[in-house]
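Structure first, then comments.
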Amino acid sequence: MKQYVKNLGMICLLLLAMVSCEKDDYEFGDLNSPSGIKVNAELVGKDDANPNGDGSGLVNFTATSVNGFSYKYIFSDGTTQNSPSGVFQKRFTQNGTNTYSVTVLASGRGGMTSSLTFEVTVFSNFSDDDAVAKLTGGSTKTWYWAAAEPGHLGVGQNDGNADLNFYANYYQAAPFEKAGAPASACLYEAELKFSLVNGQLQFEQDNKGHTFFNAAFQSVVGGSAGSDNCYDFNTAGIKNVQLGPSSSVVAADKKRGTEMTFSDGGFMGYYIGQTTYEILSITDNRLYVRAVMGGNPALAWYHIFTTTPPVQNVDETYDTLVWSDEFNVDGAPDPTHWGYDLGAGGWGNNEVQTYTNDAQNVSVSGGNLKITLRKVGANYTSARLNSKGKYDFKYGKVEFRAKLPTGGGTWPALWMLGANIDQAPWPACGEIDVMEHVGNQQDVIFGTLHYPGNSGGNANSASTNVPGVSNDFHTYSTVWSPSSIKIYVDGNLYHSVPNTAALPFNANFFLIMNVAMGGNFGGAIAPGFTQSTMEVDYVKVYQ
């Protein structure tokens, strides 16, 4: 149908003097400048069987005049549209066959204007009652930016590639990324209210008098964009919202099929010169929309909204125990919780141990898990436990209570890896080292993140001194949220890294406990070393 309309329009231009091309022509008589206003109103899909259009409600308007250089359309459904070129596609969404009044204002030089008013009769059969019900709650509902969710604001390509045009593949904002004052008032404090009034969907935005602008539209407010792109720009006023079928390049199975068009320049929180937003998905408390950037059809912006007001760092309060192992049953570790990495080689770190599941290297007794690093002849054996395939999770507080081994070359670690490591090999999967210790730097505890660009010797790391880590139990923990990753010893924070949508720390991770020997980090092995044990009292995950 789109190609049919496009071809039909081209034929109309070529044969305008010969045929009507299923259009109505309206002409206003002689006027001073501008004069001779003409409007071509083409009903999409109009034919003998469908004299008022194909039900899409779409009408293509083209206005021309003598000495007119800009046009404005005013429709009796309460919407208006400026069109410098005079070309505009309007979707009428009131169901059934309805007649609308259309006024076209032509502007000429010196501020002179002329107008033409006519009527157009259009058939529309589109509806999405479920979307209206979810947007309004049946009456009025307020929506907020889902600021705690990665990618709540993002931008991606809009080039016809159905596999890439349904998400923000160029940029995704990190949780609360735009929270720096005064941008928070521009974006995260905005309240978007949808209402159903006498069957008409309406929209009202309260942005506290400020608006977060895309830098490309700074001319709208007459100034250069600041570092936060926040401007005094009032969005008060009720806008009518017209629903229609989606016409974007997004594949049908990746969108709802409904788009919203706001009257009178209405927009959703972030100014991108656009009044039409496609609903990709909607539930009672989450709304995901897409809009092609005004003036730049190669870009599409993505917004995520929620019915919960944004409160920064609320996601970091994790106090519900969801998983644990307290090692209260003697014998081998619980096989429903733990598997083993087996073999030698150190996984690229030049370590010298061989990992086994032998009871001499790993066992549970006295309420503790015990991983023992042993010298066996000229070799070393140890154990590495993991919860891969048995338990993984996203976000929360992880606690290990442990007493560490001693001796030059020992390298115990309590840590996590991305559960997608088989599809995204390290460091793309991400690594969170909750605790690392080396016997050659006794009592120095390291907390480290590994990810692309910051891995191995270039990892994002910090350390703290904790006396007696091999004599007493200490609690090693991380609080991992959409906004940050914070690493603690005994409740004392010593390393904090902002989490962003660009990092691999927004997917599920699994747990690992091991004691290595030597290698790139463990360093020189003490000549008299025979064996030493890491004891773990418990592992707990809170969400």
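Numbering of residues begins at 1 and proceeds along the displayed sequence.
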Donor-acceptor pair, distance only, cut-off 3.5 Å: does the side chain of [X] make one with the backbone of [Y]?
| X | Y | result |
| --- | --- | --- |
| Gln543 | Lys394 | yes |
| Thr275 | Gly266 | no |
| Asn214 | Ala216 | yes |

Residues which pass side-chain hydrogen bond (donor to acceptor under 3.5 Å, both in side chains) with Gln205, listed by chain and number, not counting sequence neighbours:
none

Is NZ or CZ of Lys375 both nearer than 6.0 Å to the six-membered ring centre of Phe529 and within 45° of the ring axis?
no

Measuring only between side-chain heavy atoms, which start at C-beta, is Phe166 closer than 4.5 Å to Lys255?
no

Mind checking whether [X] and [Y] have ring centres under 6.0 Å apart?
| X | Y | result |
| --- | --- | --- |
| Trp145 | Tyr188 | no |
| His437 | Trp411 | no |
| Phe393 | Trp323 | no |
| Tyr391 | Phe510 | no |

May I ask you to check whether Asn285 and Thr306 show a side-chain donor-acceptor distance below 3.5 Å?
no

Distance, nearest 0.5 Å, that separates CD of Glu259 from CG of Leu280
11.0 Å

List for me each residue that meets salt bridge (Lys or Arg N to Asp or Glu O under 4.0 Å) alongside Glu326, sequence neighbours excluded, and say none if there are none.
none

Thr533 and side-chain hydrogen bond (donor to acceptor under 3.5 Å, both in side chains): which partner among Thr410, Thr406, Thr372?
Thr372

Per the side-chain contact (heavy atoms from CB on, under 4.5 Å) rule, which among Lys141, Lys193, Met260 passes with Leu135?
Met260

